[in-house]
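Read through the structure below, which is laid out as structure tokens, and then see the notes.
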Amino acid sequence: MPRALITGITGQDGQHLAEFLHEKGYEVFGLMKGQNNPKIGPLLAEFPYIRIVSGDLTDFASLVAAIRTVQPNEIYNLGAISFVAISFTQAELTSNVTGLGVLRMLEAIRLVGGEKDNPIRFYQASSSEMYGKVREIPQTELTAFHPRSPYGVAKVFGHHMTVNYRESYGLHASSGILFNHEGPRRGYEFVTRKISSSVARIKLGMQDKLLLGNLAAKRDWGYAGDYVKAMWLMLQQDKPDDYVIATGETHEITEFLQLAFECAGLGDWRKYVGQDKQYFRPAEVDLLVGDASKAEKTLGWKREVDFPALVEMMVRHDLDLEAKRAK
Ligand code: NAP
Ligand code: F7E
């Protein structure tokens with residue numbers, strides 16, 4: 001039975017990946033930080049097969065201990081301070097977890113090594129935020145980076161470290177440059193979930209208004225369930241490499257709003273949506289659109305859920321959830 005260690009197990013992708021690997025017959029271990037993390041109960045209630053290991057990406061010794069205990073065949077490093085907005089106000093913490101955390105994990109893998117004939121394979125969760133002020137459209141694995149937030153800068157560091165450890169020490173280390181991916185497990189701080197949950201609450205009479213920031217930004221949004229398959233596929237290749245994972249389409253926030261409000265039968269979103277300065281960022285990423293043709297060709301990966309289906313999935317899920325909560 002192959003063993004996988006996932007950091008960021010309580011996050012959106014950690015949950016999708018745990019489910020996916022469990023179905024593939026893996027023993028799934030999740031690194032969890034804190035002495036009494038309140039997310040542990042709900043996580044194990046939904047995924048009883050996940051085995052929790054204590055550790056923190058800011059604590060090197062805990063990563064070494066986790067790898068020694070689990071003896072994983074594959075490590076998926078999904079743990080991060082991942083909310084771009086907070087990275088501006090907690091830049092040092094973000095650099096430590098999201099950036100240096102990658103280096104600590106790579107060093108821990110180098111130290112522990114794994115089985116001689118079956119060395120540990122490593123996946124790094126890199127991000128389209130590394131492109132920032134984009135240098136070309138669409139963005140590929142060869143597009144230069146110009147990050148626009150401390151989060152983006154930290155991800156560039158983690159990405160280059162992953163490439164460097166592959167080239168310097170021959171680690172089977174791959175970096176997935178994933179564009180935005182969403183779904184019903186998305187955190188409420190991100191714009192898509194903020195919209196889908198607000199739409200549901202407005203529909204049910206629990207909320208009147210939705211306040212957002214910059215509505216002009218464009219994102220290449222896919223479904224998280226499709227994207228974790230790509231992570232796994234990368235680690236099944238003989239040779240480690242870097243891959244862009246994206247849909248190749250870009251949509252403005254206003255398009256998400258339009259579909260979400262229509263899906264709930266609320267009509268024109270402009271009646272409900274206002275703007276508030278607190279949700280604008282010091283520097284914005286205006287447009288992202290990825291070219292995933294390398295992943296399609298080499299990994300055989302293709303997204304299954306398109307943009308309208310993604311919006312509908314999120315809104316329908318939140319309508320059910322908020323209705324249950326209201327009872
Ligand atoms: P998420 O929902 O924000 O989850 C982040 C996870 O990181 C949580 O489980 C969190 O644990 C954990 N974490 C935070 N600080 C940690 C620390 N010091 N030590 C160990 N774990 C820590 O993120 P996601 O959307 O699932 O994304 C997964 C990864 O992909 C992240 O690295 C993100 O930056 C990257 N990424 C995401 C997207 C996207 O669109 N979702 C796109 C590109 C790249 P707690 O819950 O205990 O705080
Ligand atoms: O913002 C705008 C905001 O926070 C999307 C992370 O998973 O994907 C995610 O980062 C856009 C931005 O995601 C609000 O200014 C307007 O232009 O949902 P978001 P993100 O910043 O794209 C990348 C690929 C990652 O790697 C990250 O980890 O929406 N926006 N009004 C707003 N955003 C939020 N959150 N809240 C608003 O009220």
Side-chain angles (χ1 to χ4, degrees), residues 12 82-88 127-140 143 145-149 151-152 177-184 186-203 207 209-224 226-227 244-292 303-318:
Q12 170 188 250
S82 81
F83 187 33
V84 172
I86 215 173
S87 80
F88 286 101
S127 165
S128 53
E129 282 293 303
M130 300 190 303
Y131 298 119
K133 194 170 180 177
V134 297
R135 302 285 182 87
E136 63 176 342
I137 298 170
Q139 294 87 52
T140 74
T143 303
F145 300 136
H146 185 147
R148 295 275 277 175
S149 63
Y151 169 81
I177 307 176
L178 271 53
F179 283 61
N180 296 56
H181 44 279
E182 319 290 319
R186 190 56 146 152
Y188 287 91
E189 64 272 38
F190 300 98
V191 77
T192 54
R193 189 73 195 277
K194 187 172 170 183
I195 295 171
S196 65
S197 69
S198 298
V199 162
R201 292 173 63 79
I202 291 170
K203 177 74 179 176
Q207 186 177 323
K209 279 255 164 227
L210 165 60
L211 294 178
L212 296 171
N214 172 24
L215 302 183
K218 290 180 157 185
R219 289 290 183 275
D220 180 330
W221 277 301
Y223 171 52
D226 288 342
Y227 284 41
V244 161
I245 302 297
T247 71
E249 283 176 29
T250 191
H251 297 277
E252 218 179 68
I253 314 261
T254 53
E255 292 174 68
F256 197 104
L257 284 166
Q258 188 191 331
L259 289 181
F261 278 85
E262 275 172 7
C263 178
L266 287 167
D268 190 355
W269 59 270
R270 290 173 193 81
K271 282 194 287 184
Y272 305 97
V273 175
Q275 282 177 296
D276 188 322
K277 269 200 211 128
Q278 68 169 304
Y279 300 117
F280 284 79
R281 296 172 183 180
E284 182 59 280
V285 172
D286 296 321
L287 179 148
L288 289 172
V289 57
D291 174 356
R303 69 98 187 260
E304 280 167 29
V305 177
D306 68 10
F307 179 65
L310 173 67
V311 180
E312 191 177 332
M313 180 200 299
M314 293 181 72
V315 172
R316 296 217 176 286
H317 170 87
D318 280 338

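Here, residue 1 is the first one in the sequence, and each next residue gets the next number. Since the model is a prediction, treat every value here as computed from it, not as a measurement.
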Under a 3.5 Å distance rule, please check whether [X] uses its side chain to pair with a backbone N or O of [Y] as donor and acceptor.
{"X": "Tyr227", "Y": "Glu182", "value": "no"}
{"X": "Asn214", "Y": "Arg281", "value": "no"}
{"X": "Arg193", "Y": "Arg186", "value": "yes"}

Could you state the interatomic distance from [atom1] ([X]) to [atom2] ([Y]), rounded to the nearest 0.5 Å?
{"X": "His181", "Y": "Ser128", "atom1": "NE2", "atom2": "OG", "result": "9.0 Å"}
{"X": "Ser196", "Y": "Leu310", "atom1": "OG", "atom2": "CG", "result": "9.0 Å"}
{"X": "Asp306", "Y": "Tyr223", "atom1": "CG", "atom2": "OH", "result": "13.5 Å"}
{"X": "Glu136", "Y": "Asp291", "atom1": "CD", "atom2": "CG", "result": "9.0 Å"}
{"X": "Leu211", "Y": "Gln275", "atom1": "CG", "atom2": "CD", "result": "9.5 Å"}
{"X": "Met314", "Y": "Ser197", "atom1": "CE", "atom2": "OG", "result": "8.5 Å"}

query: Using the ring of each side chain (for Trp, its six-membered ring), is Phe307 parallel, tilted or perpendicular to Phe256, with breaks at 30° and 60°?
result: perpendicular
Report yes if the side chains of [X] and [Y] come closer than 4.5 Å at any heavy-atom pair, otherwise no.
{"X": "Val289", "Y": "Ile137", "answer": "yes"}
{"X": "Thr143", "Y": "Val134", "answer": "no"}
{"X": "Gln139", "Y": "Met130", "answer": "no"}
{"X": "Trp221", "Y": "Glu255", "answer": "no"}
{"X": "Val199", "Y": "Asp318", "answer": "no"}
{"X": "Leu257", "Y": "Tyr272", "answer": "no"}
{"X": "Leu210", "Y": "Lys194", "answer": "yes"}

query: Yes or no on side chain to side chain contact (heavy atoms under 4.5 Å, CB included) for Leu266 and Lys203, after CA distance, side-chain angles and deciding distance?
result: CA-CA 7 Å; Leu266 287 167; Lys203 177 74 179 176; 4.1 Å; yes
task: Verify side chain to side chain contact (heavy atoms under 4.5 Å, CB included) between Tyr131 and Ile177, making sure each step is shown before the conclusion.
output: CA-CA 10 Å; Tyr131 298 119; Ile177 307 176; 3.7 Å; yes
Using every non-hydrogen atom in the two residues, find where [X] and [Y] come nearest and quote the distance to one decimal.
{"X": "Gly152", "Y": "Pro147", "result": "C-CB, 3.4 Å"}
{"X": "Phe88", "Y": "Pro282", "result": "CD2-CG, 3.5 Å"}
{"X": "Ser82", "Y": "Tyr151", "result": "CA-CE1, 3.6 Å"}
{"X": "Gln12", "Y": "Gly183", "result": "OE1-N, 3.5 Å"}
{"X": "Val285", "Y": "Ala217", "result": "O-CB, 4.0 Å"}
{"X": "Ala246", "Y": "Gly290", "result": "CB-CA, 3.6 Å"}

Cation-pi check, Lys271 onto Phe261 ring (under 6.0 Å, within 45° of axis): no
query: Considering residues, nucleotides and ligands other than Lys133, do more than 12 of their heavy atoms fall under 6.0 Å from its NZ?
result: no
task: Can you run down the salt bridge (charged side-chain N to carboxylate O under 4.0 Å, His left out) pairs that involve residues 210-224, sequence neighbours left out, and say none if there aren't any?
output: Glu129-Arg219, Arg219-Glu284
- request: Determine whether the side chains of Glu249 and Thr247 contain a donor N or O and an acceptor N or O closer than 3.5 Å.
  value: no
- prompt: Got a sec, which residues hit ring-ring contact (aromatic ring centres under 6.0 Å, His included) with Phe83, two or more places apart in sequence or on another chain?
  reply: Phe190
